[in-house]
Asks: 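Dropping the structure in here first, questions after.
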Amino acid sequence: MTVACAPGKIILVGEHAVVYGRPAVALPVNQVRAEATVEDGEEGQGVIVVAADLDLTLSLKQLDPDRALHPLEMTVVGVLEHLGLSLEQNLTITVRSTIPIARGLGSGAAVSTAVTRAVAQHFAVELTSEGVSSLVFEVERLHHGTPSGIDNTVIAYERPVYFLRGERLETFHVGCAVTLLIGDTGTASPTKDVVGAVRQARQRDRERHEDLFDRVGAIAVEVRQAMESGDLGTVGLMMDENHRLLQEMDVSSPLLDSLVEVAKRRGALGAKLSGAGRGGSMIALVSAETRDGVQRALASAGAECVIHTEILPETGPTLCLASSAAPAKTDDWMI
Ligand code: PMV
């Protein structure tokens, strides 16, 4: 049996603008994870994928060419093709995930990443992070249309990333420990719909939106520098400003706004929605002193759950890679 995992993710700053070629910063969230196991199946069974938490079983034995593939099927087909293997394998692939679905935490990309890694490892092939990211991006693209590629990148690399679509991917290290609380609104964030709404709004008023995206892009540049130098005060201020710009893009919601406000009132250094918005999650940057108070305040203000995550300074190389196939996302893999 082969087992592989992948973390969740949050977008620290830059969502939506990243779709239009501005930079964004995203972080892995190791406190939630997707896991895939691959076992040899019975002779003649073909490939069976079991999404254990969803009570969903898919058989890839006789795929109907007229039926759109489920993202899990696409993932398996993509990785087997990449490995030069046919669909005639006898495999049982079981997927489990603790990542809340459609909350801006990258559940779809994480599940695809775990499956891709597990299948490759099962056939004793070591894929690079870049290879995994590209394969997952293809699934995201087929399923989602126009993902920026940020989700599959941060999840496959499992490091903080500064992401600029189609141009370059840079991972970086934080200069000090960064503690974030993730408040889940309990409402699904329909990424495809919200991205579509922003696209339509931009078509109606291009100049205003390009200006908003430019301002968000400038924030991402500043946040990356501030994260590297350990200047959390600046990171917090930039998160607040990014939330205001996302409100101007009309992608916030009353609950997101009130969770952001509550977090700020309780002493968070910065707070904003994270991901597509209109639901999903918000994030708050906290210190050791403010963490518990903010966490309690978010729970009493209506957050369905609050996840605590920490990014620690690390040694080791930062990476700067050409992004060949832009890496991607999909939170609604099962809806
Ligand atoms: O809600 P999420 O995690 O799917 O984030 C969407 C991020 C967007 O920038 C809105 C879209 C994208 O593909 O980058």
Side-chain angles (χ1 to χ4, degrees), residues 6-29 32 34 71 97 99-113 133 136-156 161-167 169 180 182-202 209 212-213 216-217 219-220 242-243 245-253 256 272-283 307 309 323 325-335:
K9 73 97 210 347
I10 49 153
I11 298 182
L12 184 61
V13 289
E15 49 275 270
H16 289 291
V18 69
V19 175
Y20 298 92
R22 274 55 164 204
V25 175
L27 308 172
V29 176
V32 285
S97 172
I99 307 173
I101 298 161
R103 303 294 208 278
L105 296 179
S107 94
V111 165
S112 290
T113 300
S133 181
V136 176
F137 180 66
E138 285 312 309
V139 178
E140 304 272 286
R141 215 165 52 83
L142 285 169
H143 183 59
H144 251 309
T146 58
S148 64
I150 193 166
D151 280 22
N152 48 281
T153 305
V154 65
I155 288 169
V161 300
Y162 175 83
F163 179 83
L164 189 50
R165 184 179 188 167
E167 277 200 31
L169 157 67
L180 288 153
I182 305 166
D184 178 355
T185 60
T187 313
S189 166
T191 302
K192 200 172 178 179
D193 299 354
V194 188
V195 169
V198 172
R199 180 170 298 114
Q200 280 176 8
R202 175 178 174 265
H209 281 82
L212 288 171
F213 299 153
V216 172
I219 285 174
N242 195 170
H243 185 71
L245 295 170
L246 288 161
Q247 286 174 317
E248 285 192 47
M249 284 177 216
D250 193 24
V251 297
S252 194
S253 72
L256 283 167
K272 64 180 277 291
L273 72 86
S274 179
R278 295 193 181 170
S281 301
M282 54 73 67
I283 52 174
I307 298 164
T309 187
S323 74
K329 69 133 327 41
T330 288
D331 301 74
D332 61 350
W333 62 285
M334 57 286 278
I335 44 178

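For ligands, and for the atoms within them, numbers begin at 1 and follow the listed sequence.
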Asks: Any N/O of H16 closer than 3.5 Å to an N/O of ligand 1?
Replies: yes
Asks: Go through ligand 1 atom by atom and flag the ones less than 4.0 Å from a non-hydrogen atom of V195.
Replies: 10 (C), 11 (C)
Asks: By number and element, which atoms of ligand 1 are closer than 4.0 Å to a non-hydrogen atom of E15?
Replies: 9 (O)
Asks: Kindly say whether R278 contributes a backbone atom to a donor-acceptor pair with the side chain of S189 at under 3.5 angstrom?
Replies: no
Asks: Pairs of nitrogen or oxygen atoms closer than 3.5 Å, one from S148 and one from ligand 1: do any exist?
Replies: yes
Asks: What I'd like to find out is whether the side chain of S133 reaches to under 4.5 Å of the side chain of T153, using heavy atoms alone.
Replies: yes
Asks: At under 4.0 Å between heavy atoms, which part of V19 makes contact with ligand 1: side chain, backbone, both or neither?
Replies: side chain
Asks: Mark up the atoms of ligand 1 that fall under 4.0 Å of a heavy atom belonging to T191, in ascending order.
Replies: 1 (O), 2 (P), 4 (O), 6 (C)
Asks: Which atoms of ligand 1 are found less than 4.0 Å from any heavy atom of G104?
Replies: 1 (O), 2 (P), 3 (O)
Asks: Provide the number and element of each atom of ligand 1 under 4.0 Å from a heavy atom of V18.
Replies: 9 (O), 14 (O)
Asks: Ligand 1 versus V198, non-hydrogen atoms closer than 4.0 Å: side chain, backbone, both, neither?
Replies: neither
Asks: Using a strict 4.0 Å cut-off to heavy atoms of G275, name the atoms of ligand 1 that fall inside it.
Replies: 1 (O), 2 (P), 3 (O), 5 (O)
Asks: Any atoms of ligand 1 less than 4.0 Å from a non-hydrogen atom of I11? List them with their elements.
Replies: 5 (O), 7 (C)
Asks: Is a donor on one side and an acceptor on the other found under 3.5 Å between the side chain of K9 and the backbone of G104?
Replies: yes
Asks: Would Q247 and L273 satisfy side-chain contact (heavy atoms from CB on, under 4.5 Å), going step by step from the backbone distance to the final call?
Replies: CA-CA 9 Å; Q247 286 174 317; L273 72 86; over 6 Å; no
Asks: Go through ligand 1 atom by atom and flag the ones less than 4.0 Å from a non-hydrogen atom of P147.
Replies: 13 (O)
Asks: Do T309 and L27 come within less than 4.5 Å of each other through their side chains, counting heavy atoms only?
Replies: no
Asks: Would the distance check show the side chain of H16 and the main-chain N or O of V195 forming a donor-acceptor pair, the cut-off being under 3.5 Å?
Replies: no
Asks: Looking at ligand 1, is there an atom of it that comes within less than 4.0 Å of some heavy atom belonging to K9?
Replies: yes
Asks: Flag S274 as yes when one of its N or O atoms lies below 3.5 Å from any N or O atom of ligand 1, and as no otherwise.
Replies: no
Asks: For the backbone of T146 and the side chain of K192, can you confirm whether one donor and one acceptor N or O come within less than 3.5 Å of each other?
Replies: no
Asks: Does any N or O of ligand 1 fall below 3.5 Å from an N or O anywhere on A276, backbone included?
Replies: yes
Asks: Do side-chain atoms of S281 reach the backbone of R103 as a donor and acceptor pair under 3.5 angstrom?
Replies: yes
Asks: Just by modelled atom types, is the F163 backbone N or O under 3.5 Å from a matching donor or acceptor in the R165 side chain?
Replies: no
Asks: Heavy atoms, side chains only, cut-off 4.5 Å: are V251 and V198 in contact?
Replies: yes
